[in-house]
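Lettering of chains follows the sequences in order, A, B, ..., and the numbering in each one begins at 1.
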Amino acid sequence: MTGVAHMDSKFQPQIIEEKVYKSWEKNGRLTSAKGKPFTILMPPPNANASLHAGHGMYTVEDIFIRYKRLRGYASLWIPGTDHAGFETQFVYEKHLAKQGKSRFDFSRQDLYDNIFKFVKENSGLIYGQFKRLGFLADWGRSVFTLDKHVLETVIATFKKMEKEGYIYKDEYIVNYCTHCGTSLSELETVHVERVDPLYYLKYGPFVLATVRPETKFGDTAVAVHPKDKRYKKWVGQEIEVVGLLGKFKIKVVADEMVDMKFGTGVVKITPAHDPNDFEAGKRHNLEIKRIINIDGRLNELTGPYAGLKVKQAREKVVEDLKKKGLIEKIDENYKHAVTVCYKCGRDLEPTIIPNWFIKVKDLKKPVIAAINKEKVKFFPKRFKKQILQWLEVMHDWPISRQIAWGIRIPVWYLLSGNENRIWLSFIDKKGEFKKGTVKELKNQGYTLTEIKTGLQQMTVHNYTKDPVRYVVSVEEPKEGEWIQETDTFDTWFSSGQWPLVTLKEDEYKTRFPTDVMGTLADILPFWVSRMIMFSLYIKKEIPFKLVYLWSKVVDAKGQKMSKSKGNVINPIDLVDRYGADAFRASLIFGTSPGSNIPLTEAKVIGMRNFTNKIWNIGRFIWMNRQNASLDSSPSAQNDKLAALKKEFKEEKKKYLKLMDGYHFSRALGLVYEFIWHRFADYYIEQLKDGVINGNIEARKSLESIYLENLKMLHPFIPFLTEAVWKVFEGETSSILKESL
RNA sequence: GGAUCCGUAGCUCAGUUGGCUAGAGCGUUGCAUUCACAUUGCAAAGGCCAGAGGUUCAAGUCCUCUCGGAUCCACCA
């Protein structure tokens with residue numbers, strides 16, 4: 001039993017993994033300079049995140065990297081982390097809430113600094129965990145989306161876009177979350193079905209149906225369908241309506257948006273608080289009357305209802321309408337879709353806020369063209385249709401977020417002449433929250449310096465009709481008094497430029513476009529489409545050739561993992577117990593990229609058994625390595641050997657085909673079947689006696705086919721394969737130096 | 001309303017361009033055991049591949065429809 005000291009009877013990942021990873025780091029195996037370039041940019045996890053099961057799917061990228069390395073490429077995987085704007089601030093605010101505080105207790109600078117500290121304290125953790133999973137990334141090149149050079153690039157892009165007319169500022173209706181305190185893009189909204197009362201209100205000569213009676217103070221017209229005979233005579237007229245605040249007159253317009261069959265066929269138009277009404281308002285040149293402020297409360301235009309939150313206001317309005325006999329009936333079972341915040345789940349308030357937008361009409365054209373021409377390919381293929389469909393309907397992209405954590409929009413507004421319409425909130429020297437127009441605050445004795453020091457948020461009122469002069473710049477302009485925009489960029493505005501901030505200048509000649517972008521299918525529209533857009537705009541080139549989409553990692557029952565359900569599986573826990581190889585393999589084995597990936601302990605155990613099997617096959621061959629030749633090779637065994645060689649040849653051919661077609665699951669399944677049920681169960685059993693008795697030829701053949709299979713398995717189970725390789729080929733060898 | 005995916009063993013799911021007796025993991029049952037491995041081996045049970053029709057020499061795979069489930073986009077006064 002010579003040599004067995006190297007190989008215990010069990011594969012023990014706990015002993016081996018760390019050593020193996022260190023040897024890769026120490027010997028510079030994380031990258032390779034040899035061969036044609038192959039490049040992947042790692043999707044940056046949130047900087048404050050720690051590893052969750054979903055990150056396990058990054059294994060797919062590691063498989064690409066390792067497979068390509070073995071195929072002779074200079075594969076390079078560049079990692080990074082994202083500041084993740086709103087996501088992170090949301091987490092931080094929950095943290096604040098536990099201490100009984102809110103963001104309103106801090107100036108935006110203090111809030112930013114605090115979040116920065118918070119993120120720093122929690123960052124870096126995930127890289128250690130990625131290493132435990134064996135990821136072969138060039139950690140030294142990590143990029144954080146608030147790094148100096150990233151800021152420079154992102155701001156340069158904004159400047160270029162602004163100069164070329166792709167950026168505009170407008171008071172446009174946006175989805176605003178009064179709880180989270182920011183506007184959101186269409187993508188960040190979720191539609192949920194809900195049953196709400198539908199109120200039929202008496203409205204002058206009409207009855208109209210609405211679920212939002214509290215917005216009636218903002219009505220600036222009533223609409224009917226142009227073909228609706230019932231109401232034809234009213235179109236173009238003004239009608240007199242008795243409301244809660246007394247009598248008023250309102251215009252009747254004809255618009256095709258009205259569904260004659262719904263309700264009474266009459267709709268109230270509230271341009272300031274409904275996206276459709278906003279559009280209708282534009283068509284008919286209606287006044288925009290804003291009656292709900294961004295804190296979610298009704299304003300002074302609503303008389304006695306001012307100060308009430310939307311929900312309370314609705315109750316009170318309904319009660320008062322009832323008293324006045326202005327409600328004809330209430331349909332209590334009206335089912336409709338409500339738009340809610342994807343983050344906190346609360347109802348979104350469509351409202352008018354000055355926002356920075358990107359005009360996407362011309363920018364998306366080359367994106368659509370590149371995808372249609374398959375310059376960028378998708379795997380699985382069906383996502384091509386999905387992203388094209390999404391690009392077709394993509395509207396202008398609102399990129400401002402009313403939060404502190406992120407990249408502040410580099411715009412300065414001229415104060416002089418505008419002091420009565422630049423509204424802001426700040427924390428004064430005494431730590432008190434103050435708000436008002438600059439003029440009002442100055443009159444109260446505050447200096448501009450004090451205001452700026454404690455600044456929280458600013459907005460310019462009546463922006464669209466009378467734009468304020470602004471300068472795009474990071475530094476404050478020298479002449480005159482200016483105040484900087486307090487909004488930050490949507491985090492996708494910066495992460496969308498990920499391919500523009502990760503490579504070194506000269507690598508854009510050799511490694512761009514990059515080869516593969518592997519990511520979660522959910523963020524296809526948020527991220528992938530925007531990376532293509534920015535890359536085509538700035539570099540006139542696609543950012544990557546292939547987009548590999550994987551799906552959510554779910555539990556045994558197919559349920560999404562969530563803390564509230566209590567079904568969260570901690571990957572590191574599984575790695576501790578069964579090894580990283582088993583964990584990785586369990587995410588790949590028997591799964592397919594289009595569908596959800598169930599992660600169960602049972603499956604990891606199954607894969608652990610597989611790793612142990614591979615180990616023991618090696619152990620058997622190793623133990624018999626030093627048997628002296630008895631020079632007896634019965635010919636019956638030679639037939640078996642020939643059959644084995646033939647079978648192996650076919651296996652490898654299939655394997656390469658599957659790998660090159662990104663069918664990793666099937667490639668792993670193929671080797672699993674071959675190595676276990678053909679190689680071990682059949683051929684070793686058949687050849688065993690010969691090997692033990694010194695049939696050198698048989699032993700050598702088994703060994704070479706086994707080692708070949710180790711290489712084939714290496715992209716999936718890197719630790720074990722490397723450890724066994726070192727047993728056979730020596731401590732200084734590495735499977736990563738081999739080729740397939 | 002537009003689009004996409006799924007329905008295969010008790011459970012979770014694989015099944016490339018249609019091609020031999022439909023597979024895996026886990027589970028179940030029986031047998032084996034000083035063997036490289038009990039984290040094992042051998043064997044077994046378990047499937048009208050959702051249903052109906054069609055194309056084909058040949059259909060789990062392609063087409064149509066029905067039923068059931070999921071997702072994306074748009075809309076909903």
**Report entry** Minimum-distance nucleotide (side-chain atoms of A/H191 versus B/U39, B/A14, B/C75)
**Finding:** B/C75

Report summary line: dist A/F728:CZ -> A/M7:CE (nearest 0.5 Å) comes out at 6.0 Å

Hey, what are the protein-to-nucleotides 11-13 of chain B N/O distances that come in under 3.5 Å?
from  : atom 1 : to     : atom 2 : distance (Å)
B/C13 : O2'    : A/G590 : O      : 2.4

Query raised in the report: Looking across every strand, which nucleic acid part, if any, lies under 4.0 Å from A/Y334 by heavy atom: base, sugar-phosphate, or nothing?
Result: sugar-phosphate

Report task. Using a 4.0 Å heavy-atom cut-off across all strands, classify A/R382 as base, sugar-phosphate, or nothing. Result -> sugar-phosphate

**Report entry** Touch class at under 4.0 angstrom, heavy-atom based, for A/K688 against every strand present
**Finding:** base

Requested in this report: Measure from the side chain of A/N609, starting at C-beta and using heavy atoms only, and say which of B/C72, B/U39, B/A74 lies closest.
Outcome: B/U39

Query - Flag side-chain contact, heavy atom, 4.5 Å: A/L208 against A/V267 - result: no

Report task. Classify the nucleic acid contact of A/I617 as base, sugar-phosphate or nothing, counting any heavy atom under 4.0 Å across all strands shown. Result -> base

Query - Phosphate OP1/OP2 of B/G25 contacted by A/Y672 side-chain N/O (<4.0 Å) - result: yes

Report summary line: Taking for A/D259 and for A/I684 the nucleotide of RNA chain B with the nearest heavy atom, the one nearer the 5' end belongs to A/I684

Requested in this report: Under 3.5 Å for both distances, Watson-Crick or G-U wobble, that's the pair rule; now give the dot-bracket for RNA chain B, with | marking pairs to another strand and [ ] for crossing ones.
Outcome: (((((((..((((.....[...)))).(((((.......))))).....(((((..]....))))))))))))....

Report summary line: Looking only at heavy atoms, the pair that brings A/V691 and A/A698 closest together is CG2-CB, 4.1 Å

Requested in this report: Choose from B/C26, B/A36, B/U39 the nucleotide whose nearest atom is closest to any side-chain atom of A/A602.
Outcome: B/C26

Query raised in the report: How many angstroms lie between CD in A/E214 and OH in A/Y305, if you round to the nearest 0.5 Å?
Result: 11.5 Å

Requested in this report: Give a yes or no on this: more than 12 heavy atoms of other residues, nucleotides or ligands lie within 6.0 Å of atom NZ of A/K384.
Outcome: yes

Query raised in the report: Can A/K364 and A/S529 be counted as having a side-chain donor-acceptor contact under 3.5 angstrom?
Result: no

**Report entry** Per-nucleotide protein contact string for nucleotides 41-47 of chain B (B base, S sugar-phosphate only, - none; heavy atom under 4.0 Å)
**Finding:** SS-----

Query raised in the report: So which nucleotide from B/A14, B/C73, B/U39 ends up closest to the side chain of A/Q389?
Result: B/C73

Query - First of A/F620 and A/R212 reached from the 5' end of RNA chain B, by closest nucleotide - result: A/F620

